[in-house]
Amino acid sequence: MTSIVDQLTARIGAAFDAVGLPAELGRCTESDRPDLAPYQCNGAMAAAKLAKKAPRAVAEEIAAQLGGDEMIADLEIAGPGFLNITPAADVYERQANAIAADDRAGAGHVEAPRKVMIDFGGPNVAKPMHVGHLRSSVLGDSLQRLFRFRGDDVVSDIHLGDWGYQMGLLVTELQAEQPDLPYFDPAYEGEYPSEPPVTIEDLSRLYPQAAAAAKEDDERAALARKATAELQAGRRGYRALLAHFISVSIAALKHDFDTLGVHFDLWKGESDVNELIPDLVADFKARGVAEKSDGAWVVRVARDDDKKELAPLILVSSQGSALYGTTDLATILDRKNTVGPDLILYVVDLGQSDHFEQVYRAAYKAGLAKEGSLEHIKFGTVNGPDGKRLRTRAGGTFRLADLINEAFERAKARLNEAGLGSELAPAEFDRVARMVANAAIKFADLQNYRTTNYIFELDRFISFEGKTGPYLLYQAVRVKSIMRKAEAEGLTAGPVRITDPAEAALVRRLDGFDAALQRAYELRAPNHVCDHVYALAQAFSSFYAACPILPEKDETIRASRLMLAQTTLKQLEIALSLIGLDAPEKM
Ligand code: ARG
């Protein structure tokens with residue numbers, strides 16, 4: 001479907017071409033002065049030099065060329081030579097009917113679908129998820145929805161952190177508490193129990209306990225490092241323990257992610273690629289990709305034109321352990337072998353930029369991936385009211401689960417205050433409150449360009465007014481209720497007819513959908529989807545205020561307005577789903 005902007009661009013481009021100027025100058029956009037005209041073209045300004053004429057003279061020539069174009073109802077030359085364009089009403093009507101008839105409400109597909117892996121979420125086994133993981137999850141999930149919707153073959157992977165030092169910390173902490181478990185007896189040869197020796201609560205207690213102890217005490221830390229190395233080298237009891245830690249964590253994580261409505265295709269982790277590491281290291285050594293440095297094996301990745309020095313990637317530490325970069329390289333190999341992606345997106349905070357730069361360069365150098373096929377999708381921090389990284393009142397890291405619960409409680413309170421949901425059954429009320437809570441958290445996050453830091457203000461996010469997730473759900477619910485009433489009265493939608501400027505304005509917003517999705521896709525930036533949904537909801541509000549739907553007496557006008565409402569709802573629901581939001585039927 002070609003948008004009105006693109007149709008106008010083609011016409012005006014042809015007019016430029018006809019007077020011997022480059023067609024690209026005909027690029028048309030929505031006007032920044034919609035009070036003057038809805039569309040504009042500034043090409044005459046840029047053409048003046050080429051044409052050796054005043055811009056206004058060029059604009060007049062173009063206008064003359066366009067005289068009689070049935071798409072254009074009015075064309076004005078403003079100021080030094082801006083073209084202000086008002087399309088004919090039937091242009092809006094045709095476009096609205098095409099969008100209404102389209103299952104995808106005007107959204108297109110990528111030209112050449114690719115296989116895209118999205119690595120996001122990235123929680124660490126045993127360490128509770130914090131708000132940084134929230135950003136990765138919400139952003140990564142929106143990107144997987146968007147890429148899939150546009151036609152790519154997407155495989156998402158949570159990439160659990162389950163292989164590093166934190167595992168050694170956990171193993172040794174449990175050993176201190178329960179030394180008699182068979183996992184710690186090197187002589188034990190029997191089968192290990194299938195019941196996990198710990199619960200998720202144990203894990204969330206053991207880890208901080210161990211981390212704090214190791215910080216204070218070098219010997220304690222050395223013990224954990226030794227256990228990490230033994231675990232990685234394959235010590236049976238430790239591996240069995242690790243398997244329990246992972247399964248207990250995954251069960252808890254699945255619960256949290258279900259609550260948030262975030263899905264992963266693969267639940268792989270760092271530990272899954274362990275078997276690939278020895279060969280990978282041997283290969284890197286044999287081909288001279290890795291070199292020896294102070295007892296460690298490193299890959300030098302600095303380039304002459306680097307603005308700031310990039311340290312080598314440590315492939316094998318001087319203690320013989322695989323590090324974060326090693327597992328990331330082995331994961332690239334694993335993904336190449338098992339999925340074969342054309343592109344991998346890593347949705348990880350921008351604090352890890354150097355790490356990913358090292359990994360990507362090492363992967364390209366070793367021929368594990370094609371130059372440019374690995375992308376770090378960076379994001380900023382979630383801050384507290386003091387502008388610093390969000391902390392709990394006690395100064396600890398803010399646990400994601402607490403934040404989700406708090407949002408749920410506030411959502412219930414807000415619904416009650418607003419007198420919403422009063423006629424819902426209790427279970428349904430909770431379901432709606434959950435949708436409102438998730439919408440609040442997700443939209444607040446996604447509406448910012450991802451590298452922007454934002455301040456976490458639950459009260460503002462959860463409001464039903466302003467640019468918030470709950471406002472958008474409320475608008476969608478409003479349209480749903482109009483459609484339900486229409487159905488109950490036996491009223492049906494019919495072809496769109498433009499009778500009011502608010503109708504044309506709504507069609508313009510509907511028509512901007514695909515461009516917004518394309519921008520969001522290209523920049524890996526769902527904030528463009530957020531801006532679009534918000535503008536659409538507002539355009540619908542203005543339309544609804546100006547143009548009665550159900551009370552309208554004229555049958556064709558009423559049917560047309562119903563069609564506009566129905567189309568708006570379809571596009572709203574698609575757009576909301578792309579940012580992970582779900583609107584209830586009633587609230
Ligand atoms: N577990 C890591 C963390 O919490 C994030 C993992 C990101 N993905 C990756 N392939 N390194 O910081």
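Note: hydrogens, waters and symmetry copies are ignored here, and every other heavy atom, side chains too, is used. Read the numbers this way: they start at 1 and go in the same order the structure lists the ligands and their atoms.
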Within a reach of under 6.0 Å around CZ of F184, are more than 12 heavy atoms found that belong to other residues, nucleotides or ligands?
-> yes
Do the rings of W267 and F264 sit parallel, tilted or perpendicular, given the 30° and 60° boundaries?
-> perpendicular
Quick one, list the residues around ligand 1 where some non-hydrogen atom comes in under 4.0 Å, by chain and residue number.
-> D119, G122, N124, H133, H159, Y324, D328, Y346, V348, Q352, F356
Checking R414 against F464: charged group under 6.0 Å from the ring centre and within 45 degrees of the axis?
-> no
Where does the angle between the aromatic ring planes of H376 and F356 fall among parallel (under 30°), tilted (30 to 60°) and perpendicular (over 60°)?
-> tilted
Ring centers of F461, F443 separated by less than 6.0 Å | no
Report yes if some heavy atom in the side chain of I344 is under 4.5 Å from a heavy atom in the side chain of I118; otherwise report no.
-> no
